[in-house]
Chemist: 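Take a look at the following structure, please.
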Amino acid sequence: MEQTSGKIGIREYIAIVLLTIGTKLADDLPAILYSSLYNAAWMTPIISGVISILPLYLLLKTMMYYKEKSLLEIIVHLFGNYIGFVIIFILWIVGTAAIVIDSAIYTDIIGTMYFTRTPTIVIYAILIGVCVYAAKHGLEQIGSVAKAVLPYIKASLFFALILTMIEGNFAFLFPVLGPGGWEVIKESSIRLSIYGDILYLSLLTPYIRKTKDFTKGTWIAFVILIVELTIAILAYVLLFDYNTAHLLNYPYHEVIRYISIGFLANMETLFFPFWLIATFIRFAVYLYINGLLFGRLFRIKDFEHMIPSLATLFLFLGLILENESIALSELRDHLLFVVTPIFFGLPCMLWILAKFKGDYKNEKT
């Protein structure tokens with residue numbers, strides 16, 4: 001029997017990236033983009049993606065310099081112990097804020113769209129409980145599940161988007177540039193954090209069998225995400241027009257309640273389970289990475305044991321936020337601004353420091 005050593009391969013890694021970042025098309029991200037870019041919001045994943053190539057390239061290039069080190073070890077190596085600790089602490093704080101805000105938003109989606117009579121704390125506790133259970137079983141188990149369910153989740157999404165575009169109106173795309181070309185570029189540039197999760201997912205490199213798998217898998221997933229997010233945000237506009245779409249907090253869930261095939265109504269019962277599985281995987285990965293950062297900060301080797309305690313803290317913090325879906329959306333928008341300079345600046349600084357230290361020459365020799 002093949003010994004896996006608790007590590008994942010390229011297919012598991014790609015599945016994790018696609019499910020953790022791809023689920024953003026089904027939360028409030030499209031509504032945030034519509035509010036400032038109107039019907040041109042679908043251009044944001046493309047423009048942000050093109051700009052994100054630079055930090056992503058430098059991040060992967062730097063990690064290739066130090067194939068035997070994790071990203072956290074690289075940060076400490078290049079910045080030193082004290083500054084490295086501060087940077088890792090900031091990453092943990094931002095990651096914690098993302099989990100708290102996003103989990104509150106996803107609880108709100110489930111509560112307001114599907115289980116309106118179920119108390120929020122029950123929905124939240126089940127969501128966090130399932131994700132903790134998955135995270136405690138380790139990345140290998142999460143990756144195996146992600147790889148197994150990915151084809152079904154993406155097939156259901158593709159099916160939903162095809163039905164949406166068939167029922168859509170292409171006249172809703174005009175004027176094509178929405179609020180104007182410069183505004184589209186500016187707003188897209190300050191929301192590079194759409195892909196910022198890749199920075200956090202790069203913390204998983206010690207658990208990927210081959211360094212080459214990480215590099216190749218990241219680029220493959222990155223291209224797929226650009227296409228997927230663009231088509232989804234475009235489809236919502238075609239169906240609702242941006243005047244309606246930006247008023248919908250969760251347009252994907254409105255879409256799957258709206259579309260039908262002949263006599264088959266209530267199509268959300270087909271699509272909702274796939275979205276829910278993707279959600280469980282997403283937060284399981286987030287909890288695992290958060291525990292990894294916490295363990296590195298406080299030198300806890302078996303960081304998996306801390307995941308339930310951290311998740312309980314996130315649950316109580318999220319319950320404080322869950323009352324106002326509008327406030328959650330605003331917090332999410334602010335978080336996108338905060339993460340953008342980290343996602344762009346940290347890889348650039350790492351690459352410059354590696355060049356300055358001369359480690360690049362050592363890698364070439």
Chemist: Answer yes or no: is there a side-chain heavy-atom contact under 4.5 Å between Ser103 and Arg282?
Modeler: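 Side-chain contact under 4.5 Å: no.
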
Chemist: Can you tell me if NZ on Lys136 sees more than 12 non-hydrogen neighbours from other groups inside 6.0 Å?
Modeler: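 It does: Lys136 NZ has more than 12 such atoms within range.
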
Chemist: What about Trp275 and Tyr106, are their ring centers closer than 6.0 Å?
Modeler: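 Close enough - the centres of the two rings lie under 6.0 Å apart.
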
Chemist: Could you go through Tyr65 and Trp351, starting from their C-alpha distance and side-chain angles, then the distance that decides it, and tell me whether this counts as side chain to side chain donor-acceptor pair (under 3.5 Å)?
Modeler: CA-CA 9 Å; Tyr65 296 165; Trp351 182 80; 3.0 Å; yes

Chemist: Using modelled atom types only, decide if a donor and an acceptor are shared between the side chain of Asn169 and the backbone of Ala171 within a distance under 3.5 Å.
Modeler: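 Answer holds: yes.
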
Chemist: Assess the residue pair Thr116 and Thr112 against the criterion (side chain to side chain contact (heavy atoms under 4.5 Å, CB included)); give the C-alpha distance rounded to whole Å, side-chain angles, the decisive distance to 0.1 Å, and a yes or no.
Modeler: CA-CA 5 Å; Thr116 55; Thr112 58; 5.7 Å; no

Chemist: Determine, using the 4.5 Å side-chain heavy-atom cutoff (strictly less than), whether Tyr252 and Leu247 are members of one ILVMFWY cluster.
Modeler: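 Each belongs to a different hydrophobic cluster.
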
Chemist: Is the shortest side-chain N to carboxylate O distance from Glu12 to Lys147 below 4.0 Å?
Modeler: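 Yes.
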
Chemist: At what distance, to the nearest 0.5 angstrom, does CD1 of Ile307 lie from CG of Leu287?
Modeler: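 It is 6.5 Å, given to the nearest 0.5 Å.
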
Chemist: Considering all heavy atoms of both residues, which atom of Thr23 and which atom of Leu19 are nearest to each other, and what is their separation?
Modeler: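 Between these two residues, the closest heavy atoms are CG2-O, 3.0 Å.
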
Chemist: Working to the nearest 0.5 Å, report the span between CD1 of Ile99 and CD1 of Ile289.
Modeler: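 It is 8.5 Å, given to the nearest 0.5 Å.
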
Chemist: Can you check side chain to side chain donor-acceptor pair (under 3.5 Å) on Tyr250 and Asp27, steps first, answer last?
Modeler: CA-CA 5 Å; Tyr250 313 119; Asp27 56 30; over 6 Å; no

Chemist: Within the distance-only criterion (no hydrogens, no angle test), does the side chain of Ser193 pair as donor or acceptor with the backbone N or O of Val339 below 3.5 angstrom?
Modeler: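 No: the side chain of Ser193 does not pair with the backbone of Val339.
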
Chemist: If we only count heavy atoms from C-beta on, is the Leu313 to Thr96 side-chain gap below 4.5 Å?
Modeler: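 Answer no - side chains too far apart.
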
Chemist: Tell me if the centroids of the rings in His253 and Tyr114 come within less than 6.0 Å of each other.
Modeler: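 Centroid separation for His253 and Tyr114: below 6.0 Å.
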
Chemist: Dump the intermediate steps for side chain to side chain contact (heavy atoms under 4.5 Å, CB included) on Thr211 and Thr205, then the final yes or no.
Modeler: CA-CA 7 Å; Thr211 308; Thr205 46; over 6 Å; no

Chemist: Is it possible for you to say whether Ile162 and Ile224 belong to one hydrophobic cluster, with membership spreading through side-chain heavy-atom contacts below 4.5 Å?
Modeler: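 In one cluster: no.
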
Chemist: State, without any angle test, whether Asp102 and Tyr286 hold a side-chain donor-acceptor pair at a distance under 3.5 Å.
Modeler: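 No, because no side-chain N or O of Asp102 sits under 3.5 Å from a partner of the opposite role on Tyr286.
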
Chemist: If we ignore hydrogens and angles and just use 3.5 Å, is the side chain of Tyr124 paired with the main-chain N or O of Ala104 as donor and acceptor?
Modeler: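 Side chain of Tyr124 to backbone of Ala104, a donor-acceptor pair under 3.5 Å: yes, one is there.
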
Chemist: Quick one: do Leu18 and Lys154 satisfy side chain to side chain contact (heavy atoms under 4.5 Å, CB included)? Show the steps, please.
Modeler: CA-CA 9 Å; Leu18 292 180; Lys154 293 306 177 185; 4.2 Å; yes

Chemist: Any sub-3.5 Å donor-acceptor pair from Thr244's side-chain atoms to Asp241's backbone N or O?
Modeler: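 Looks like no, no N/O pair under 3.5 Å.
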
Chemist: Check for me whether the distance between the ring centres of Phe222 and Tyr195 falls short of 6.0 Å.
Modeler: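 For Phe222 and Tyr195, the ring centres are under 6.0 Å apart.
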
Chemist: Rounded to the nearest 0.5 Å, how far apart are CG of Leu58 and CG of Leu350?
Modeler: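 It comes to 9.5 Å.
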
Chemist: Inspect the contact between Glu73 and Arg296 and indicate whether a charged nitrogen and a carboxylate oxygen are less than 4.0 angstrom apart.
Modeler: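 Not counted as a salt bridge, because no side-chain N and carboxylate O are separated by less than 4.0 Å.
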
Chemist: Can you check whether Glu228 reaches Lys24 side chain to side chain, under 4.5 Å on heavy atoms?
Modeler: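 Answer no - side chains too far apart.
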
Chemist: Can any side-chain N or O of Ser48 pair as donor or acceptor with the backbone N or O of Pro45 at less than 3.5 Å?
Modeler: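 The answer is no, because no donor-acceptor pair under 3.5 Å joins these two groups.
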
Chemist: Do Leu270 and Ile166 share a hydrophobic cluster (ILVMFWY, side-chain heavy atoms under 4.5 Å, transitive)?
Modeler: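 No; tracing contacts between hydrophobic side chains, which count when under 4.5 Å, never links both residues.
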
Chemist: How close do Ile83 and Phe79 get, heavy atom to heavy atom, and via which atoms?
Modeler: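 Shortest heavy-atom separation between Ile83 and Phe79 comes out as CB-O, 3.6 Å.
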
Chemist: Quick check: does any side chain N or O of Arg257 sit under 3.5 Å from a backbone N or O of Met113, one acting as donor and the other as acceptor?
Modeler: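 Checked: pair present.
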
Chemist: Would you say that Tyr258 contacts Thr164 through its side chain, given a criterion of any heavy-atom pair below 4.5 Å between the two side chains?
Modeler: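 The answer is no; the side chains never approach within 4.5 Å.
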
Chemist: Could you go step by step and tell me if Val255 and Phe240 meet the side chain to side chain contact (heavy atoms under 4.5 Å, CB included) rule?
Modeler: CA-CA 9 Å; Val255 161; Phe240 295 119; 3.5 Å; yes

Chemist: Hey, any chance Ile14 and Val227 share a hydrophobic cluster, counting ILVMFWY side chains that come within less than 4.5 Å of each other, even indirectly?
Modeler: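 Per the 4.5 Å side-chain linkage, Ile14 and Val227 are co-clustered.
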
Chemist: With a 4.5 Å limit on heavy-atom distance, are the side chains of Glu254 and Tyr236 in contact?
Modeler: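 Not touching, per the 4.5 Å side-chain cut-off.
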
Chemist: Looking at every heavy atom in both Ile281 and Ala146, which two are closest together, and how far apart are they?
Modeler: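 Where Ile281 meets Ala146 most closely, the heavy atoms are CD1-CA, 3.8 Å.
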
Chemist: Below 6.0 angstrom between ring centroids: does that apply to Tyr38 and Tyr242?
Modeler: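 Centroid distance Tyr38-Tyr242: below 6.0 Å, so yes.
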
Chemist: Taking all non-hydrogen atoms of both residues, which atom of Met64 and which atom of Thr215 are closest, and how far apart?
Modeler: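 Minimum heavy-atom separation between Met64 and Thr215: CE-OG1, 3.2 Å.
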
Chemist: At what distance, to the nearest 0.5 angstrom, does CZ of Phe159 lie from CZ of Phe271?
Modeler: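 Between atom CZ of Phe159 and atom CZ of Phe271 there are 5.5 Å.
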
Chemist: With rounding to the nearest 0.5 angstrom, report the CG to CD1 distance, Leu59 to Ile198.
Modeler: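 Result: 9.0 Å between the selected atoms.
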
Chemist: Hey, are the side chains of Ile185 and Met43 touching, using non-hydrogen atoms and a 4.5 Å cut-off?
Modeler: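 No, side chains not in contact.
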
Chemist: State plainly whether the residues Asp213 and Arg11 are in salt-bridge range, i.e. N to O under 4.0 Å.
Modeler: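 Salt bridge flag = no for Arg11 with Asp213.
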
Chemist: Roughly how far, to the nearest 0.5 Å, is CD1 of Ile21 from CG of Leu229?
Modeler: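 So the CG of Leu229 and the CD1 of Ile21 are separated by 8.5 Å.
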
Chemist: Report, as yes or no, whether the 6.0 Å neighbourhood of atom CD1 on Ile121 holds more than 12 heavy atoms from other residues, nucleotides or ligands.
Modeler: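 Incorrect, the count does not exceed 12.
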
Chemist: Should Ile142 and Tyr152 be regarded as members of a common hydrophobic cluster, given that ILVMFWY residues are connected when their side-chain heavy atoms come within less than 4.5 Å of each other, either directly or indirectly?
Modeler: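 Same cluster.
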
Chemist: Quick check: closest heavy atoms across Thr62 and Pro347, and the distance to 0.1 Å?
Modeler: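 Shortest heavy-atom contact: OG1-O, 4.3 Å.
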
Chemist: Just wondering, are more than 12 heavy atoms of other shown residues or ligands nearer than 6.0 Å to NZ in Lys216?
Modeler: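 12 or below, so no.
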
Chemist: Around Tyr82, counting heavy atoms of other residues, nucleotides and ligands shown, do more than 12 lie under 6.0 Å from its OH?
Modeler: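 Atom OH in Tyr82 is not crowded, with 12 or fewer foreign heavy atoms closer than 6.0 Å.
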
Chemist: Is Thr340 reaching over with its side chain to a backbone N or O of Ile190, donor-acceptor style, under 3.5 angstrom?
Modeler: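 Present.
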
Chemist: Any side-chain heavy-atom pair from Thr312 and Ile128 closer than 4.5 angstrom?
Modeler: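 SC-SC contact between Thr312 and Ile128 ruled out.
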
Chemist: Got more than 12 heavy atoms from elsewhere within 6.0 Å of CZ, Phe337?
Modeler: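 Count over threshold, so yes.
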
Chemist: How close do Pro30 and Pro251 get, heavy atom to heavy atom, and via which atoms?
Modeler: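 Closest approach of Pro30 to Pro251: CB-CG, 3.8 Å.
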
Chemist: Do Leu33 and Arg191 have side-chain heavy atoms sitting under 4.5 Å apart?
Modeler: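 In short, these two side chains touch, coming nearer than 4.5 Å.
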
Chemist: Against Tyr13, only a single residue in Phe214, Tyr207, Trp219 fulfils ring-ring contact (aromatic ring centres under 6.0 Å, His included); can you say which?
Modeler: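 Of the listed residues Phe214, Tyr207, Trp219, the ring-ring contact (aromatic ring centres under 6.0 Å, His included) partner of Tyr13 is Phe214.
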
Chemist: When Trp92 is tested against each of Phe85, Tyr200, Phe294 for ring-ring contact (aromatic ring centres under 6.0 Å, His included), which residue passes?
Modeler: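 Between Trp92 and the candidates, ring-ring contact (aromatic ring centres under 6.0 Å, His included) is satisfied uniquely by Phe294.
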
Chemist: Under the 3.5 angstrom rule, does the side chain of Thr230 hit a backbone N or O of Ile226 as a donor-acceptor pair?
Modeler: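 Checked: pair present.
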
